[in-house]
Amino acid sequence: QVQLVESGGGSVQPGGSLRVSCAASGNTYNSKWMGWFRQAPGKEREGVAAIMTDPTGSGMTVTAPSVKGRFTISQDNSKNMVYLEMNSLKPEDTAMYYCAARFTDRLAWGGPFLPRSYNYWGQGTQVTVSS
């Protein structure tokens with residue numbers, strides 16, 4: 001089993017910055033991908049950034065067009081942490097942000113921005129962008 005705990009959310013004014021963090025614990029030896037998703041009220045869960053965490057991989061990152069150039073995903077393998085640095089925040093970035101992890105090859109892969117590609121989820125951290 002794997003546990004994911006997000007932290008770092010909060011309220012910020014438009015144009016501001018926040019960094020949200022995801023701490024992974026438990027059986028983390030078979031990590032494949034980790035991603036950040038967000039969900040605003042009344043909207044579907046949306047993938048914003050993901051990183052290949054497989055030790056044999058390249059650490060490749062992908063970022064959704066809606067946040068490209070503003071959001072950056074990174075990892076610290078020594079601490080089993082994944083971060084999402086968010087700059088130039090806009091009111092439309094307001095959402096619950098979720099960390100997701102893929103720790104198996106048995107689950108069908110639909111790409112890094114498809115929620116069902118991941119088999120573990122955190123509880124979420126709220127990000128509110130408002131003046």
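Predicted, not measured: the structure shown is a model, and the values here were computed from it.
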Is there a donor-acceptor contact under 3.5 Å from the side chain of [X] to the main chain of [Y]?
X	Y	answer
Glu6	Cys99	yes
Thr53	Trp33	yes
Thr63	Lys68	no
Arg102	Lys32	no
Thr94	Val129	yes
Ser117	Pro112	no

Say you draw a straight line from [atom1] of [X] to [atom2] of [Y]; how long is it, rounded to the nearest 0.5 Å?
X	Y	atom1	atom2	value
Leu84	Arg19	CG	CZ	10.5 Å
Met81	Ser74	CE	OG	9.5 Å
Ser21	Lys79	OG	NZ	10.0 Å
Leu4	Tyr118	CG	OH	11.5 Å
Tyr97	Ser7	OH	OG	15.0 Å
Glu92	Arg38	CD	CZ	8.0 Å

With the 4.5 Å side-chain cut-off for hydrophobic clustering, are [X] and [Y] part of the same group?
X	Y	value
Val48	Val127	yes
Ile73	Tyr98	no
Val62	Ile51	no

Determine the minimum heavy-atom distance between [X] and [Y], stating which atoms define it.
X	Y	value
Ala95	Gln126	O-NE2, 3.4 Å
Phe103	Asn119	N-OD1, 2.9 Å
Asp76	Ser78	OD1-OG, 2.5 Å

Taking the side chain as every heavy atom from C-beta outward, state whether [X] and [Y] have any atom pair closer than 4.5 Å.
X	Y	value
Val12	Met86	no
Tyr120	Thr28	no
Trp36	Val82	yes

Could you tell me if the ring centre of Trp121 sits under 6.0 Å from that of Phe37?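 Centroid separation for Trp121 and Phe37: below 6.0 Å.
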Report the C-alpha separation of Asp93 and Arg70 in whole Å, then their side-chain angles, then the decisive distance to 0.1 Å, and conclude whether the side chain to side chain contact (heavy atoms under 4.5 Å, CB included) test is met. CA-CA 11 Å; Asp93 295 318; Arg70 300 188 298 122; 2.7 Å; yes
Side-chain donor-acceptor pair present, Glu46, Ser66, cut-off under 3.5 Å: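 Yes, a side-chain donor-acceptor pair sits under 3.5 Å.
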